[in-house]
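Below: one structure, written as structure tokens.
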Amino acid sequence: MDDNIPAIAGGTPIRENKIYYAHQYIDDADIKAVTDVLKSDYLTCGPAIDRMEEKLKKITGAKYAAACSNGTSALHIVCMALGIGEGDEVIVPPITFAASSNCVLYCGGTPVFADVDPKTYLLDPKKVEEKITEKTKAVITVDYGGQASPLPELLDICRKHSLKLIEDAAHSIGTVYKGLGAVGSVADVTTFSFHPVKVVTGGEGGAITTNDPEVYSKALLYRSHGITRDRTFMEGESEGPWYYEQTGLSMNYRMTDIQAALISSQLDKLPEFKARRQEIVRMYDEAFSKIPGITVQQEIPESDTARHLYVIRVQEGAFEIDRAGFFDALVKENIIPNVHYIPVYLHPYYRHLGYAPGLCPEAEKIYREMITLPLFYSMTDSDVSDVTEAVKRIADHYRK
Ligand SMILES: *Cc1c(COP(=O)(O)O)cnc(C)c1O
């Protein structure tokens, strides 16, 4: 492993012989990019932000890009920009990080959960259509694990019902939907996250891309308090060079130039990140196809995927142990997996809002069986075979 790798995502130091489910990769170019900013005049709102946004536009093919503090604020900004409010329903998948639906609640709207496809774990367009009412304003789709969502079908549904399609691409920077374009240029608006477990990191960080100038200008407004210094958006007359106006209500959701420089430097490595992740996925797919009782996430052929998560399912009833037992057995093998995700509506906060188990049966079944295995750029081939051998050993030992 590279000497520059400092600490496991989440702050736990890497311990000898343990392979964690995710890890950032930081090289000398990244460190130089950050120290260059530290020696410059701007730590925030400076030129590194513009450079990072330009790079993101190039990679995604989107007309506009706005950096912000993290993937969660990106989703909140987007919901504000689209005018989501009380009485509005937004359709979301349940197998995701809570931020994907919390953003609707921040705005006073109602998340409506639609089930996922049992093979791809992506939002199922047919289930989306069943959930549309006269209150539906938007659909948030999640590129689970890095795969592109079924974008043509979702776009068709959204156009037919005059809904906005928001793509939560926290997992899928670098993914291309063949024939349609890169993630970030296809949906009405796309959000990204640069948390250390994701494919590209800034420590923390987020971004919004869109081809819609109105959504873009509102995103700029809502990433910084609802304040504008742009004369075209002011309601009154300028009173002098100091003058600005608050025309909306938001928070400080800005990214620092330090983060932007790190993200820019990481984006330069995205092709290599993507290729290595694809290589590891191929090795995993090959190994697990030979282990009865273990299934893997199916790739949709149209998605040229920069894979973020590698998830296996431990089929219920196939082994003497359940998912939790399988998870513990992996930890004993020094492999530290994770589970992505607990269906959002099963969390106590959502239960108190009235959501109940049984809402999305496919998602609940996937959740009961899933385990996220290690997948990160700096994994060696021998790390990969350590993981596949451990899964095989455990499966063979406990198979009924
Ligand atoms: C990580 C993640 C987010 C939130 O991103 P942060 O940068 O951590 O705020 C949102 N949605 C999904 C699907 C994620 O995985």
Side-chain angles (χ1 to χ4, degrees), residues 9-11 21-24 52 56 65-80 90-107 111 113-114 116 120-123 138-149 165-175 183-184 187 189-209 219 222-223 251-256 258-260 262-263 266-267 277 297 305-311 338-345 347 350 363 366-367 370 372 375-376:
Y21 87 92
H23 197 275
Q24 73 272 20
M52 179 258 165
L56 195 59
C68 60
S69 54
N70 51 57
T72 305
S73 62
L75 285 160
H76 187 193
I77 289 166
V78 163
C79 286
M80 287 191 276
V90 178
I91 297 173
V92 293
I95 297 275
T96 185
F97 183 57
S100 311
S101 67
N102 286 345
C103 58
V104 180
L105 295 175
Y106 300 152
C107 293
F113 293 94
V116 297
T120 64
Y121 318 159
L122 299 169
L123 190 56
V139 174
I140 299 177
T141 186
V142 175
D143 294 341
Y144 179 86
Q147 284 205 75
S149 298
L165 182 63
I166 303 165
E167 191 172 358
D168 179 346
H171 297 186
S172 59
I173 191 158
T175 293
V183 162
V189 51
T190 305
T191 64
F192 296 94
S193 163
F194 302 109
H195 181 276
V197 301
K198 310 288 161 77
V199 174
V200 163
T201 190
E204 298 276 1
I208 296 151
T209 61
Y222 290 122
R223 85 168 164 190
M251 287 167 236
N252 176 354
Y253 279 153
R254 295 187 303 265
M255 175 185 279
T256 66
I258 306 163
Q259 292 165 290
L262 177 53
I263 294 162
Q266 290 255 303
L267 286 173
R277 283 169 175 273
Q297 185 187 6
T305 303
R307 190 74 82 91
H308 162 51
L309 297 176
Y310 194 90
V311 176
N338 208 322
V339 170
H340 297 93
Y341 297 91
I342 301 162
V344 175
Y345 61 80
H347 285 291
Y350 279 81
I366 294 165
Y367 167 63
M370 70 188 349
T372 305
L375 175 60
F376 49 93

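Just so you know, ligand 1 is whichever comes first in the structure, and atom 1 is the first atom listed for that ligand.
Every residue two or more places apart in sequence or in another chain was checked for a side-chain hydrogen bond (donor to acceptor under 3.5 Å, both in side chains) with Y367, and none qualifies. With sequence neighbours left out, the ring pair (Phe, Tyr, Trp, His ring centres under 6.0 Å) criterion links Y222 to no other residue.
A side-chain contact (heavy atoms from CB on, under 4.5 Å) with F192 is found for exactly one of V183, I208, N70, V200, namely V183.
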Tabulate distances under 3.5 Å between N/O atoms of ligand 1 and N/O atoms of the protein, writing both atom names on each line.
{"residue": "ligand 1", "atom": "5 (O)", "partner": "S193", "partner atom": "OG", "Å": "3.2"}
{"residue": "ligand 1", "atom": "7 (O)", "partner": "G71", "partner atom": "N", "Å": "2.7"}
{"residue": "ligand 1", "atom": "7 (O)", "partner": "S193", "partner atom": "OG", "Å": "2.7"}
{"residue": "ligand 1", "atom": "9 (O)", "partner": "G71", "partner atom": "N", "Å": "3.3"}
{"residue": "ligand 1", "atom": "9 (O)", "partner": "T72", "partner atom": "N", "Å": "2.9"}
{"residue": "ligand 1", "atom": "9 (O)", "partner": "T72", "partner atom": "OG1", "Å": "2.5"}
{"residue": "ligand 1", "atom": "11 (N)", "partner": "D168", "partner atom": "OD1", "Å": "3.4"}
{"residue": "ligand 1", "atom": "11 (N)", "partner": "D168", "partner atom": "OD2", "Å": "2.7"}
{"residue": "ligand 1", "atom": "15 (O)", "partner": "H171", "partner atom": "NE2", "Å": "2.8"}
{"residue": "ligand 1", "atom": "15 (O)", "partner": "K198", "partner atom": "NZ", "Å": "3.1"}
{"residue": "ligand 1", "atom": "15 (O)", "partner": "Y341", "partner atom": "OH", "Å": "3.2"}

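Of all the heavy atoms in H308 and R277, the pair that sits closest is O-NH1, 3.3 Å. Contact detail for Q24 and T201: the closest heavy-atom pair is CB-CG2, 4.0 Å.
Identified under the side chain to side chain donor-acceptor pair (under 3.5 Å) test for residues 95-107, with sequence neighbours left out: T96-S100, S100-D168, S101-Y350, N102-Y350.
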